[in-house]
Q: 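Pasting a structure here, questions to come.
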2 protein chains.
Amino acid sequence: MAPPQTGSARVRIAVPSVAERVAEELRYQLAEGMLLPGARLTEATIAEDLGVSRNTVREAFAELASERLVVRQPNRGVFVATLEAGDIHDLYTVRRAIEVSSIRGGGSAERVAAVRAAVDEGKRAAAADDNDALGSANQHFHGAIVALAESKRLDTIMRHVLAEMRLYFHKATSDAHFYSAWLEENEAICAALEAGELERAGELLLGYLNRSEEQQLTVHGE
Amino acid sequence: MAPPQTGSARVRIAVPSVAERVAEELRYQLAEGMLLPGARLTEATIAEDLGVSRNTVREAFAELASERLVVRQPNRGVFVATLEAGDIHDLYTVRRAIEVSSIRGGGSAERVAAVRAAVDEGKRAAAADDNDALGSANQHFHGAIVALAESKRLDTIMRHVLAEMRLYFHKATSDAHFYSAWLEENEAICAALEAGELERAGELLLGYLNRSEEQQLTVHGE
DNA sequence: GATCGAAGAATCGTTGAACAATTCGACAAT
DNA sequence: ATTGTCGAATTGTTCAACGATTCTTCGATC
């Protein structure tokens, strides 16, 4: 007999609710650039397009709004989030906090290996000249860094931050030599991490984030 | 005519929507311990109690779920979040990341003054022997530290973390000499901050958070 | 011709009712 | 003690409606 309630690991075989699937679909369209910042999302239209009720769309909107992917304007509707002044700095402030903190704490061998895997993934993508894959690999790299901390909450925060950045920067950074610079930095950061030089890894990562922020600030209107 | 769209500072005089007010009311009850972890929140009951529609309650639930104050179990209902194994460590991991990062970045004179104000608030509460006020002051102190970074996103993350901790620890820590230790530490941290010794302030804060986590771990089951 | 305002259309916020699907509790059968 | 079944309760979702708010259009006015 199984112990009455093993407590935590209650694996729910739950089919994602309709509202969640709607949110997922919209998230996808947002990441893919099919819905550009500022675009209006009319409840009735989306409800009809996806074949669901307006109320369900509403619930999906609530979820996306909590992730800052869309903004609700009372009595006016929801719009794809737009980059306000200070948002770039804000996003990088969050990243500096959680990424640097995570890497300074080190992590299990498995988690470190995952970081290494992301670095390699980036190298392969570069070799294959696949810019999309390069961008994904970079996100995986930074996701893996946060994952070092083994914190559910930090993971979801990072997921949201990355989703927001995809929304804003999806095509803007298809500049080739952007990425080549990343690759070397990621390699160095990963090497320091593997060598247990956590302090130095943190400094390298911090430097990368600061430089990356400046790049984004110059690319987008200050 | 007003300038076509002054852009950001569009001050909405919006009356909070009904759904938001419901969420607010529930948040209040959660913080105040009227709704204990594990309690079931039946849609119909709450809808009737608050005199709103079931759909509206649903929207409020979605918001609270995104803040981890309640948990949705598909087809079963929403329950007040309970402390799972590792949650305490998780919460403190987030706090270490954002609080230490914020204090290491320093802040404007106004923001530093706000930290000082929170320290004083704590001292007054201690003098008045008001334990509730002491708890609030401590939360203000740590909120003020995060506010140093002037980041909307970090502020809301911190707000959510503190709300979650209030939910779990609302009465547990009414131990008098807990607080007196805090007061001295807060004072020392604030002094270091004011002196511009950011690195040291960060270390002190980190030490405090580590010790606080251990206390909570021993008080609550492991 | 530009400004203002008012009528009308579109959309949102919220409600209430409905119904299938799922879970829960109890009770009977093996 | 396990299994199965039935009924009650609750959730997930849809639909239709209506007041409130915003947007648009279109004249009327200066």
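Heavy atoms only: backbone and side chains are in, while hydrogens, waters and symmetry mates are out. The structure displayed is predicted, hence computed values, not measured ones. Here is the naming used below: chain letters follow the sequence lines, and residue numbers restart at 1 for every chain.
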Q: What string of B, S and - do you get for nucleotides 9-18 of chain C, 5' to 3', if B is base contact, S is sugar-phosphate-only contact and - is no contact with any protein heavy atom under 4.0 Å?
A: --SSBBBB-B

Q: With a 3.5 Å cut-off and sequence neighbours excluded, list the donor-acceptor pairs that the side chains of residues 47-54 of chain B form with protein atoms.
A:
| residue | atom | partner | partner atom | Å |
| --- | --- | --- | --- | --- |
| B/S53 | OG | B/N55 | N | 3.0 |
| B/R54 | NH1 | B/E43 | OE1 | 2.7 |

Q: Can you name the residues that form a side chain to side chain donor-acceptor pair (under 3.5 Å) with A/S108, not counting sequence neighbours?
A: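 Result, side chain to side chain donor-acceptor pair (under 3.5 Å) vs A/S108: A/E110.
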
Q: Could you state the atom-to-atom distance from CG of A/L50 to C1' of D/dT13 in whole Å?
A: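 Rounding to the nearest Å, CG of A/L50 and C1' of D/dT13 are 15 Å apart.
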
Q: Who are the side chain to side chain donor-acceptor pair (under 3.5 Å) partners of B/H140, not counting sequence neighbours?
A: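 Checked B/H140 against side chain to side chain donor-acceptor pair (under 3.5 Å); matches are B/E121.
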
Q: Give me each pair satisfying salt bridge (Lys or Arg N to Asp or Glu O under 4.0 Å) with a member in residues 135-155 of chain A, each pair once, sequence neighbours excluded.
A: A/R111-A/E150, A/K152-B/D87, A/R153-B/D87, A/R153-B/D90, A/R153-B/E164

Q: With sequence neighbours excluded, what pairs up with A/T93 under the side-chain contact (heavy atoms from CB on, under 4.5 Å) test?
A: A/H89, A/R96, B/A149, B/S151, B/L154

